[in-house]
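All values derive from a computational prediction rather than experimental measurement. Throughout, residue positions are numbered sequentially from 1 according to the sequence presented.
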Amino acid sequence: MLNKSIAYRLSIYISLAVISVFVAFIIINFLFNLKIIKENIQFKADNTSVEVNSVVKKYVVTTQEVAKNIADQIIFYEKEDAIGPFLDKILEKYPFINSIHIRLDSTIEVSHHYLFTFREADSTYMYESNKPIVTCVDKNPNYIELVQDPDVIWSEPIVCERNKHVVASYYSPVTQSEPNNKNKLVGSVICELSLLHINDAVNKIKVGKSGYSILLSRKGVYISHPRKDFILERNAYDIPKKVIDLDVSEINDILSGNKGAGIIAYPEVLDYQKSWLSFSKIPETGWLVVMVIPYAELFEPLYLPILKMLFFSVLGILVVYILITYISNKQIQPLSSLTSQLKRFSDISGEAYAGEASLNEIQQVSDSLNLIKAWYEKNRLKVSQDAKLDKIRYDDILEAAEIQQSLIKLEYPACPNVKEIDLFALYKPARIVSGDLFDYFFRDEKQMVFTMGDVSGKGVPAAFFMSMSQTIIKSVGANPELKRSAGIVEEVNEQLYSNNIHQFFLTLFLGIINIETGKLSYCNAAHTTSYVLKTNGHLDELKEAHGLPLGLYRDRGYHESKYQLEKGDSIIVYTDGVTELQDENNLQYGDFRLQENLKSLAGLKPKEMVKRLEKSLKQFIGDTDQSDDISILVIKYEG
């Protein structure tokens, strides 16, 4: 070897070195791809599991929210004798809710303490009674466990004998606020979720070519399965050893969500093919999503890339060996000669663009840089355009806020020429724009109208609805033909309903003061309680509710109440952003704290009262962000 020429030795040494590198590269890539194969199994299962999880959660979370909403509003709707339409709309909107069970304690003053509504064919039915109503699931142990065990909020699957649906029931407590700011349990709402809908939705999700998904209850019962005869008839603890060879403790770990990785199984649905099972838990219910994917489908996408890698690696070794031998025989010509040879090779290939099929590395780098440059220019323009659009949107929101602010009266003194009235207000939006509204204006020389309202929702849509509502209220309130406050509210409700395409609603307190006599007529449409502060510090509550929120129902009747103001009396109206203000410990400001603060403000001017209330709210919230709009209006009757 030493007597050989330098070119010969150089070609041998370099060739051996390059071949060794290629062999090492092949081995490393092979081992790396084996790792990718294993990771790909879990990755594919996880991706599909997320989709199944999302579908199941849609039904589960919606059912939970519906039950909680019913629990929050059931006493109000029952007292307003509007429970029937309310529950009918829920069953109509959510076809997967099989039935609703409602129980209220006898201490609650309502017409009926037990209600049961259910779906039958294309109709809905409702039973009302003051005695317990026996249904098709009452005697089922799973249903009894849900009712009696406070730690269970979702029942195990139950067969509803009425329509043969497999259902799972969700429990939500009905509570009522006490004077000490604590909630008292006064009933329950139980919603039945039809698992037939979940099974159909889950089975529609494609898991590879022949894979499928299963839904298990907390106790391992089949909730969803491609074979409907397995549902409620099979249990994870009864799976044959031929399918999965696991003991009871291992199955417990899987159902509890403690087993992170998947396992191998041989499901009978796939003719006992070797398959990969992956698990993910649904926290809201404790149910387990099981993804079943045949091993052949998991490995199939990687077979062809591995073969291509081996082919091109062997071909690369041969090409490199030939090139090195040729270069060595030419005594390693300068780089320009190499460039010329590579260019000639590119010309022979007949490709004008040196893409992936080209062996010209320099051309590949050049083309790649050109592509990156073009992409960068395109992306830079897009970023610039997005920044301009964001600025335009922000400017639009600021303009909307300015327009809204122009509708709010914040110039004081408010009524310099009216000695009988002194007033002051606080208006603090939680965002740039607000859903709160208040206003005051004189219908004539004797009567002053004042309002305080709160629009459902937040942000720009609620602000637009607020502005429209305020305009309508002022227009209707100025109509001399409408004498009563209830009549004004009814007309406002009619106009809001006709223009309410987004289903917003407005709670409203509207009062009319006769400044000569001190007579107050007011109508409260589901708004917060208002107060009259006497000069001696006594606090009268104007807590009567005269109807539902505005904008939801047409032709709803409203009534009104009256109050005789005395000289020095102060009327305080506000939005729920005051009493529901939360500190860093999520404790609310509350009605009791507000009442005690108001009693201490007797004899003060409205401006001083509002400033002290604002200071109290700031001290209470501390560094916590304000989560809801805050509005307070204080009107003092000077007689």
Side-chain angles (χ1 to χ4, degrees), residues 65 68-69 71-72 173 175-184 394 397-398 400-402 404-405 408-412 423-438 452-463 466 507 509 526-533 537 539 541-543 570-636:
E65 290 299 323
K68 291 175 182 177
N69 288 338
D72 289 341
T175 60
Q176 194 172 52
S177 298
E178 294 291 308
N180 58 3
N181 288 334
K182 292 185 178 180
N183 290 329
K184 176 184 177 183
Y394 184 73
I397 292 175
L398 290 180
E402 290 177 2
Q404 188 181 44
Q405 288 286 349
I408 302 300
K409 296 179 179 179
L410 295 174
E411 295 182 0
Y412 302 98
L423 63 83
F424 198 82
L426 171 67
Y427 179 69
K428 290 187 65 176
R431 301 182 183 177
I432 297 177
V433 291
S434 169
D436 283 1
L437 68 86
F438 72 86
M452 177 65 70
D454 190 357
V455 175
S456 61
K458 296 180 180 65
V460 174
M466 167 268 188
T507 65
F509 184 97
H527 196 67
T528 54
T529 298
S530 298
Y531 299 99
V532 175
L533 179 62
L539 199 64
E541 294 186 40
L542 307 181
K543 59 184 179 180
S570 296
I571 306 171
I572 300 96
V573 290
Y574 58 94
T575 57
D576 59 8
V578 175
T579 53
E580 294 179 4
L581 186 69
Q582 293 184 338
D583 64 6
E584 58 185 8
N585 298 316
N586 294 327
L587 295 176
Q588 292 189 349
Y589 191 79
D591 295 324
F592 179 76
R593 195 188 310 272
L594 175 62
Q595 292 169 5
E596 292 302 308
N597 281 338
L598 289 175
K599 291 176 183 178
S600 68
L601 303 178
L604 297 179
K605 293 286 188 181
K607 181 176 181 179
E608 184 64 23
M609 293 174 66
V610 171
K611 292 298 182 183
R612 291 198 183 185
L613 284 174
E614 182 180 13
K615 183 178 180 181
S616 173
L617 294 173
K618 286 182 178 179
Q619 291 176 342
F620 177 80
I621 194 173
D623 296 329
T624 308
D625 292 334
Q626 178 182 331
S627 61
D628 199 1
D629 304 323
I630 294 177
S631 296
I632 303 173
L633 175 63
V634 176
I635 303 173
K636 188 168 186 179

From CA spacing to verdict: side-chain contact (heavy atoms from CB on, under 4.5 Å), Leu633, Ile635
CA-CA 7 Å; Leu633 175 63; Ile635 303 173; 4.0 Å; yes
Run the side-chain contact (heavy atoms from CB on, under 4.5 Å) check on Ile621 and Asp583 step by step: do they pass?
CA-CA 4 Å; Ile621 194 173; Asp583 64 6; 5.8 Å; no
Return the set of residues passing side chain to side chain donor-acceptor pair (under 3.5 Å) with Thr507 (not counting sequence neighbours), or none when no residue passes.
His527
Using atom types as modelled, flag every donor-acceptor pair under 3.5 Å from a side chain in residues 612-620 to any protein atom, sequence neighbours excluded.
from: Arg612; atom 1: NE; to: Glu608; atom 2: OE2; distance (Å): 3.0
from: Ser616; atom 1: OG; to: Tyr589; atom 2: OH; distance (Å): 2.7
from: Ser616; atom 1: OG; to: Asn597; atom 2: ND2; distance (Å): 3.0

Given Gln595 and Glu541, is the side-chain contact (heavy atoms from CB on, under 4.5 Å) satisfied, shown in steps?
CA-CA 10 Å; Gln595 292 169 5; Glu541 294 186 40; 3.7 Å; yes
Over all atoms of both residues, closest heavy-atom pair of [X] and [Y]:
X      : Y      : result
Pro173 : Ala71  : O-CB, 3.3 Å
Thr624 : Gln582 : CG2-O, 3.9 Å
Ser570 : Lys636 : OG-CG, 3.5 Å
Gln588 : Thr579 : CB-O, 3.6 Å
Thr575 : Asp629 : OG1-O, 3.6 Å

Apply side-chain contact (heavy atoms from CB on, under 4.5 Å) to the pair Leu581 and Asp628, showing each step before the final yes or no.
CA-CA 7 Å; Leu581 186 69; Asp628 199 1; over 6 Å; no
Classify the side-chain pair Asp436/Ser631 by whether it contains a donor and acceptor separated by less than 3.5 Å.
yes
By salt bridge (Lys or Arg N to Asp or Glu O under 4.0 Å) - contacts of Lys599 (at least two apart)
Glu596
